[in-house]
Amino acid sequence: MTPATTPRTKEPPLNNKDSKRCKVGELRPSQALTTFGIGSIIDLPNLSVMVMGLEDWPFKDTVEIGEQRLLASVKEVLGNQVKSLRSAPVVPDTYQVNQFDSSALVGIPVAPFPRWMVCPYCRRLAPLGSGLFKLETPYRTEQIRYVHANCTKRGKSPTVVPARFIVACKNGHFDDFPWREFVHDGPTNCKGGLKLLEPSATGEAASIFVQCEGENCGAIRPMSDAFKMDLMALPVCKARRPHLRDHDDAGCKAPNGQEMRMEPMLQGASNSWFGIMLSALAIPQASGELKQLVEDHWTTLEKVQSEQNIELLQQVTPQLRDLSEYTSSEIWQAVQAKKTVVPAESTDPTDLKTPEWEVLTDPEAAEKSRAFQLRVAAPPKRYAKYFEKIVLAERLREVRALVGFTRIESPSDYDNPAAFPENQRARLSRTQPTWVPASEIRGEGLFFHFKEDLIQKWCKKAKNHDAVFLEAHQRWRIARKLEPPHEFYPGIRFVLLHSFAHALIRQLAVECGYTTASLRERIYSRNPGQNEPEMAGVLIYTAAPDSEGTLGGLVSLGKPQTLERHLDQALDNMRLCASDPLCAEHHPYRDGITLHAASCHACMFAPETSCERGNKYLDRAVLVSTVERSDLAFFE
């Protein structure tokens with residue numbers, strides 16, 4: 001079982017004298033990047049909290065993760081001051097359940113957000129700083145809550161809940177909903193108390209009202225008005241960054257120089273937080289077993305100052321057991337050689353997939369290690385004309401790093417997360433970070449190397465369909481005011497590879513022993529004529545961070561006869577969809593501005609953890625014949 005991180009509250013100064021730091025729940029380390037990263041909101045039974053920035057993270061409780069290629073890419077995005085990739089703080093394995101133990105406070109720091117709370121009994125609406133609500137911290141962490149101590153309800157004080165409306169902007173700023181300005185339809189000096197009334201149980205915004213109880217006031221307004229406002233009628237963004245406890249000094253401006261306006265949203269909205277992550281596979285970086293082992297453990301060995309230090313490290317560091325076959329002298333010489341080697345200049349540090357492509361397409365020449373082992377398998381006879389080779393990745397290690405986050409607009413709209421506009425990428429810390437959160441995942445996978453000549457021949461046949469997707473891509477970016485509209489289009493080659501990956505993931509999950517959300521795609525797509533070599537390949541691998549990722553069930557399906565059966569079934573499932581003919585007839589922009597053709601949740605869409613591009617650039621018709629068209633099928 002992977003050790004769990006422990007979110008804890010660490011609040012800014014409040015008028016509430018009972019504010020204090022305490023444990024409030026548990027998360028897996030990987031969730032600190034993918035779902036509940038810095039700046040995101042975590043919903044607890046009686047409380048909602050926001051994950052704080054790196055300045056508040058306990059650096060001493062993190063562990064350095066070594067992956068030089070990924071670190072170079074992170075430096076290209078955030079600056080050369082970044083020195084390391086580090087895991088989320090974890091509770092020691094020896095920790096016993098004791099709230100008075102210092103280990104109970106090890107974890108990710110969080111603070112209550114939104115700050116406005118509602119009493120479910122008297123419907124009082126007020127911020128935490130008003131002093132109306134009291135923090136209670138019982139022994140059981142899931143029972144931590146704020147209560148309305150002076151409520152008119154008899155008996156036990158009722159637990160207050162967060163007001164579920166907030167505001168955000170595309171530049172990553174977040175703030176509480178402007179309740180007082182909203183109910184008075186603009187700035188006001190009224191200091192009357194507020195109530196959030198819900199006369200019906202529908203939960204719709206139209207049935208929720210904000211009421212002011214000020215003397216000679218009585219203003220009341222439905223929450224549905226907040227979502228009907230013209231953009232210019234919405235409040236100006238105050239550039240607040242609650243995860244950093246400050247406001248952006250540069251303010252908040254739109255690309256055209258105008259003041260950015262806030263957009264209302266619900267607290268649990270799926271577009272309130274998107275992590276911007278870079279990921280890389282740990283591939284061999286040296287020739288020779290000892291050199292590769294030194295490379296794998298470089299985060300520990302680079303600090304070695306003498307041969308005697310190596311002997312001591314081997315005794316106290318279990319991670320160095322791989323080097324037990326070598327003497328301290330041999331290891332010291334390899335470390336010295338590594339330190340004297342001048343690193344090769346990379347033309348593009350953000351290009352993480354080209355080195356992986358070179359290794360995956362030539363597995364015989366790759367070094368083996370505890371984290372990387374490849375084996376070539378013959379393609380199924382019926383599909384031999386489509387694939388150069390099938391590679392069984394018996395061992396893989398992927399490292400992911402969080403470099404920022406965004407709100408409202410997803411980074412999956414870009415082919416490379418590093419290309420996401422810097423002004424819309426929210427910062428992880430107030431100052432330039434010297435480290436970023438990361439996680440490593442060990443698993444297995446299947447790599448499909450397509451024949452390049454066949455791919456190019458098909459791309460020429462699908463030239464008109466390529467123009468359709470390009471038009472949809474441009475309309476998508478224009479509708480979101482993204483410039484220039486023609487950039488970041490992946491091409492029809494990517495549509496084919498992406499659709500194939502989704503079809504196969506859904507089929508392999510039936511028998512491989514992993515859930516669909518535990519499988520992940522990695523698309524290698526590049527058209528000829530560019531500076532780098534063309535690529536056409538798909539890696540399907542396990543994305544689960546625990547022991548589920550190394551069960552061996554995925555590689556076992558790579559045997560020719562077994563894989564042929566799964567390919568047959570995967571493609572056969574794409575011919576018909578439960579939503580046909582509507583699904584097969586879907587057009588990328590004639591039926592609304594979308595970035596997919598014949599695909600939907602019933603046939604091709606995959607979970608968020610599985611897809612690189614947010615279920616965009618998909619089409620069943622490029623794989624097999626559908627009820628709508630048969631002229632695009634790649635697999636005859």
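The aromatic rings of His473 and Tyr617 sit tilted relative to each other, their planes meeting at an angle between 30° and 60°. Relative orientation of the Trp357 and Phe447 rings is perpendicular, given thresholds of 30° and 60° on the angle between their planes. Note: Tyr383 and Phe635 have perpendicular aromatic rings, judged against thresholds of 30 and 60 degrees for the angle between ring planes.
Contact of the Val376 side chain with the Glu364 side chain is registered, since non-hydrogen atoms from C-beta on lie closer than 4.5 Å. By the 4.5 Å heavy-atom criterion applied to side chains, Leu504 and Val538 are not counted as neighbours. Between Thr609 and Thr34, every side-chain heavy-atom pair lies at or beyond the 4.5 Å cut-off. Side chains of Gln569 and Glu511 form no contact here, defined as non-hydrogen atoms less than 4.5 Å apart. Counting heavy atoms from C-beta on, the side chains of Ile523 and Arg613 never come closer than 4.5 Å. Within the 4.5 Å cutoff, the side chain of Lys353 has no heavy atoms near those of the Leu539 side chain. For the pair Leu402 and Ile276, the minimum side-chain heavy-atom distance is 4.5 Å or more. No side-chain heavy atom of Leu360 sits less than 4.5 Å from a side-chain heavy atom of His449.
Ser87 contributes a side-chain N or O that, together with a main-chain N or O of Val63, makes up a donor-acceptor pair within less than 3.5 Å. Glu444 places a side-chain N or O within 3.5 Å of a backbone atom of Val555 that can act as its donor or acceptor partner. Of the possible polar contacts, none joining the Trp458 side chain to the Arg493 backbone as a donor-acceptor pair under 3.5 Å is found. Side-chain atoms of Ser499 come within 3.5 Å of backbone atoms of Asp619 as a donor-acceptor pair (strictly under, hydrogens ignored). Between the side chain of Asn615 and the backbone N or O of Ala606, at least one donor-acceptor pair lies under 3.5 Å.
Counted by atom type alone, Glu612 and His498 present zero donor-acceptor pairs between their side chains at under 3.5 Å. Side-chain contact check for Glu398 and Tyr541: at least one donor-acceptor pair (N or O, by modelled atom type) lies under 3.5 Å. Side chains of His586 and Thr594: a donor-acceptor N/O pair is present below 3.5 angstrom, by distance only. A side-chain N or O of Ser279 and one of Arg522 form a donor-acceptor pair less than 3.5 Å apart.
Remark: Glu564 CD to Arg382 CZ distance equals 4.5 Å, nearest 0.5 Å. The distance from the OH atom of Tyr386 to the CD1 atom of Ile455 is 11.0 Å, given to the nearest 0.5 Å. Note that CD of Glu534 is 9.0 Å distant from CG of Asn527, once rounded to the nearest 0.5 Å. Once rounded to the nearest 0.5 Å, the distance linking CG of Leu567 with OG1 of Thr562 reads 11.0 Å. Here NZ of Lys83 is found 12.0 Å from CD of Glu64. Values are rounded to the nearest 0.5 Å. Here the NZ atom belonging to Lys461 is positioned 7.5 Å from the CG atom belonging to Asp631, to the nearest 0.5 angstrom.
Summarising the geometry of Leu632 relative to Ala462, their closest heavy-atom pair is CD2-CB, 3.9 Å, with the distance given to 0.1 Å. In terms of heavy atoms, Ile492 sits closest to Asp466 at N-OD1, 3.3 Å. In terms of heavy atoms, Leu508 sits closest to Leu446 at CD1-CD1, 4.2 Å. Among all heavy-atom pairs drawn from Met604 and Ala598, the shortest one is SD-O, 4.1 Å. Here the closest heavy-atom approach between residue Ala88 and residue Ala32 is recorded as CB-CB, 4.1 Å. Annotation for Ile38 and Phe405: closest pair O-CD2, 3.1 Å, computed over non-hydrogen atoms.
With salt bridges taken as basic N to acidic carboxylate O contacts below 4.0 Å, one links Arg526 and Asp351. Remark: Arg575 engages Asp572 in a salt bridge, criterion side-chain N to carboxylate O under 4.0 Å. A salt bridge links Glu440 and Arg397; the closest N-O separation between the charged side-chain nitrogens and carboxylate oxygens is under 4.0 Å.
Stacking of Arg477 on the aromatic ring of Phe488 is not recorded, the 6.0 Å distance cut-off and the 45° axial limit not both being met.
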Worksheet item: Going through the checks in order, is the side-chain contact (heavy atoms from CB on, under 4.5 Å) test met by Asn573 and Arg506?
Response: CA-CA 10 Å; Asn573 291 339; Arg506 293 172 69 98; over 6 Å; no
Discussion item. Could you go through Phe387 and Phe450, starting from their C-alpha distance and side-chain angles, then the distance that decides it, and tell me whether this counts as ring pair (Phe, Tyr, Trp, His ring centres under 6.0 Å)?
Written reply: CA-CA 4 Å; Phe387 302 111; Phe450 285 76; 4.8 Å; yes
Worksheet item: Which is it for Leu281 and Val359 under the side-chain contact (heavy atoms from CB on, under 4.5 Å) test, yes or no, and what are the steps along the way?
Response: CA-CA 11 Å; Leu281 297 180; Val359 172; over 6 Å; no
Worksheet item: Given Cys583 and Arg620, is the side-chain contact (heavy atoms from CB on, under 4.5 Å) satisfied, shown in steps?
Response: CA-CA 9 Å; Cys583 177; Arg620 289 187 291 127; 3.5 Å; yes
Worksheet item: Please walk me through it: do Cys611 and Glu521 pass side-chain contact (heavy atoms from CB on, under 4.5 Å)?
Response: CA-CA 6 Å; Cys611 182; Glu521 66 184 8; 3.5 Å; yes
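For NE2 of His587, the number of neighbouring non-hydrogen atoms (other residues, nucleotides, ligands) closer than 6.0 Å is greater than 12. Counting heavy-atom neighbours within 6.0 Å of Lys457 NZ, excluding the residue itself, gives a total of 12 or less. Atom NZ of Lys75 has more than 12 neighbouring heavy atoms from other residues, nucleotides or ligands inside a 6.0 Å radius. Within a 6.0 Å sphere centred on CD of Glu608, heavy atoms belonging to other residues, nucleotides or ligands number 12 at most.
A distance of 6.0 Å or more separates the ring centres of Phe634 and Phe500.
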